[in-house]
Protein chains: 2
Amino acid sequence: MSCDGRVVKALDSKSNGIFPRSFHILGVIWNGESIIEGAAEALSLLKHRHGKKVCLVTNNSTKSPLDYLNKCEKLGIHILNEEEIVSSSTVAAYYLKHKLHVRNKVYVIGGPGLGKELDKIGIQHVGIGADHFEDYHSEERIFDVSAVIVGFDPHISYAKILKASSYLKNKDCLFVATNEDSCFPSTNPLLILPGAGSVLASVKVASGREPIVIGKPHRPILTYLKEKLGLDPSKTLMTGDTLATDIAFAKRHGLASMLVLSGNTTLEDVKNARTELSPDYYANSLKTLCELEGEI
Amino acid sequence: MSCDGRVVKALDSKSNGIFPRSFHILGVIWNGESIIEGAAEALSLLKHRHGKKVCLVTNNSTKSPLDYLNKCEKLGIHILNEEEIVSSSTVAAYYLKHKLHVRNKVYVIGGPGLGKELDKIGIQHVGIGADHFEDYHSEERIFDVSAVIVGFDPHISYAKILKASSYLKNKDCLFVATNEDSCFPSTNPLLILPGAGSVLASVKVASGREPIVIGKPHRPILTYLKEKLGLDPSKTLMTGDTLATDIAFAKRHGLASMLVLSGNTTLEDVKNARTELSPDYYANSLKTLCELEGEI
């Protein structure tokens, strides 16, 4: 397909030059509770037959890598280990500790998955769970927090937005977000399931501040992959189904990129997108990777 | 004060040309539960001694004009009648009925003040009050709504954001917001009190849609004042303490403007603001209006 001088190539047996990459990142392997066709086979082929490094990178901060590993096992994927599953919650905890050198408590708008990652790395935190206090006018600043982190939180409430933005009045209080995804994929066509980006927007507007964002397409995940898994962008292929996160991440940081059309993105979307969101390759599904065994 | 070729004049006895305006709008007369110095006197002088038309225009949608009238009485202001108090909730109801011709139910993220105004004008609505359903994955579209209206709601929850943005998937469903104010003024320096703009941001991000905004500085309030109170912009002075709402409203719609410095806005803010936010006049407080009795 060619548009506006850009060429996005279909992945086929003539594809070459891109597949000798030694590190493969998958941005998507399931859709809700179903595995994406070809995901298990592609992972197995890449890792075991060809000896490539592989990892799964997700912006979703609601689960810990161990939770995701259990989900993989349940879906019949027995190929990944815990270190090969990288979520924005793991990277957020790493970033807070090793890059921002947070020592005191962190106020969290987010779920237990994020809490587990903070616990694991030894960062004290408060905020997880329901909070619907009514008498917010009399609420006092209950402690000094050194950072506010916002991820997806189904318990989002006025109390939480008020607390987060009040802590952020202190300019020394850091502001971190797991990701900016506006919605989760929904299997019910009648429903929009708001994501972390929606929760985050309310805190951004109330506080008047901009966060450091951890998730794709931003840099912190790249830094983590380099430092913890030895990723070299020039030797890595990013495969995913979302232009604004997966493909933008690859393009922004010098990784090769391949869009799989098994999600909500179509070739029409690629045509209408800005150049920096155009993948190098596209394929109908991860299965295509397996059909090209000799090439990769 | 002069900056960037703009001149903002202090209100003094040499001020002329602007005060023969026959309609005066006050954008602010109280701060939390305290009346602003000079507000009652200024209102009395303008209305009773000089026979000007006056009204109070507020973006705050949490109370109905009757609630505000009661608040005025409690604060010792016995000068206004119900029609002279115009809130974004009143105008939102008017706009939905007479401009958007809404016939079916409206889904409301907002408080009882907004509900009263919708009831008064005969628009059916649902949504006011707490809603913290947990099993949102199984939630069905419970009825067809013809519009979603978002104002300030201390019961903001994931359920509400999910419902509002899901209704807005239907492109025929109208999207209206009472106002975009990011925060309420707070008397506690440690607290930010998020406003309707913060609640609105989460629905905007999740739905990917932009609302029609009722409150200052947008047009719907002007239309209402023209149609219901006979306002003529060229004969009107807008007085308020907020550049982004009060002064922007005046400048955008051809009203004369005066900033009172009794709120959170300073002359330094005026200097740093864009030209379209520069008032014609400024004064330390509404009391200044009274000291210039002969001029107005």
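Naming convention: chains lettered A, B, ... in sequence-line order (proteins, then strands); numbering from 1 in each chain.
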Participant: Please say whether more than 12 non-hydrogen atoms of neighbouring residues, nucleotides or ligands are located less than 6.0 Å from CG in Asp119(A).
Facilitator: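 Yes, because the 6.0 Å sphere around CG of Asp119(A) holds more than 12 heavy atoms from other groups.
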
Participant: May I ask you to decide if Ser198(B)'s main-chain N or O and Lys204(A)'s side chain share a donor-acceptor pair within less than 3.5 Å?
Facilitator: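 Not a single qualifying donor-acceptor pair exists.
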
Participant: If I take atom SG from residue Cys183(A) and atom CD1 from residue Ile161(B), how far apart are they, to the nearest 0.5 angstrom?
Facilitator: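 Atom-to-atom, Cys183(A):SG and Ile161(B):CD1 are 11.0 Å apart.
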
Participant: Look only at the side chain of Tyr158(B) and the backbone of Ser157(A), and say whether a donor-acceptor pair between them is shorter than 3.5 Å.
Facilitator: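 No, the answer is negative, given that no donor and acceptor are paired below the 3.5 Å cut-off.
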
Participant: Which of the residues Ser186(A), Ser165(A), Ser182(A) is involved in the greatest number of heavy-atom pairs with chain B at under 4.5 angstrom?
Facilitator: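 Result: the option with the highest number of such pairs is Ser165(A).
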
Participant: Quick one: CG on Leu191(B) to OH on Tyr167(A), what's the gap to the nearest 0.5 Å?
Facilitator: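 Atom-to-atom, Leu191(B):CG and Tyr167(A):OH are 9.5 Å apart.
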
Participant: Atom CG in Leu162(A), atom CD1 in Ile156(B): separation rounded to 0.5 Å?
Facilitator: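 The CD1 atom of Ile156(B) is 14.0 Å from CG of Leu162(A), to the nearest 0.5 Å.
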
Participant: Give, for atom CD1 of Ile192(B) and atom CZ of Arg209(A), the distance between the pair rounded to the nearest 0.5 Å.
Facilitator: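 Output value for this atom pair is 9.5 Å.
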
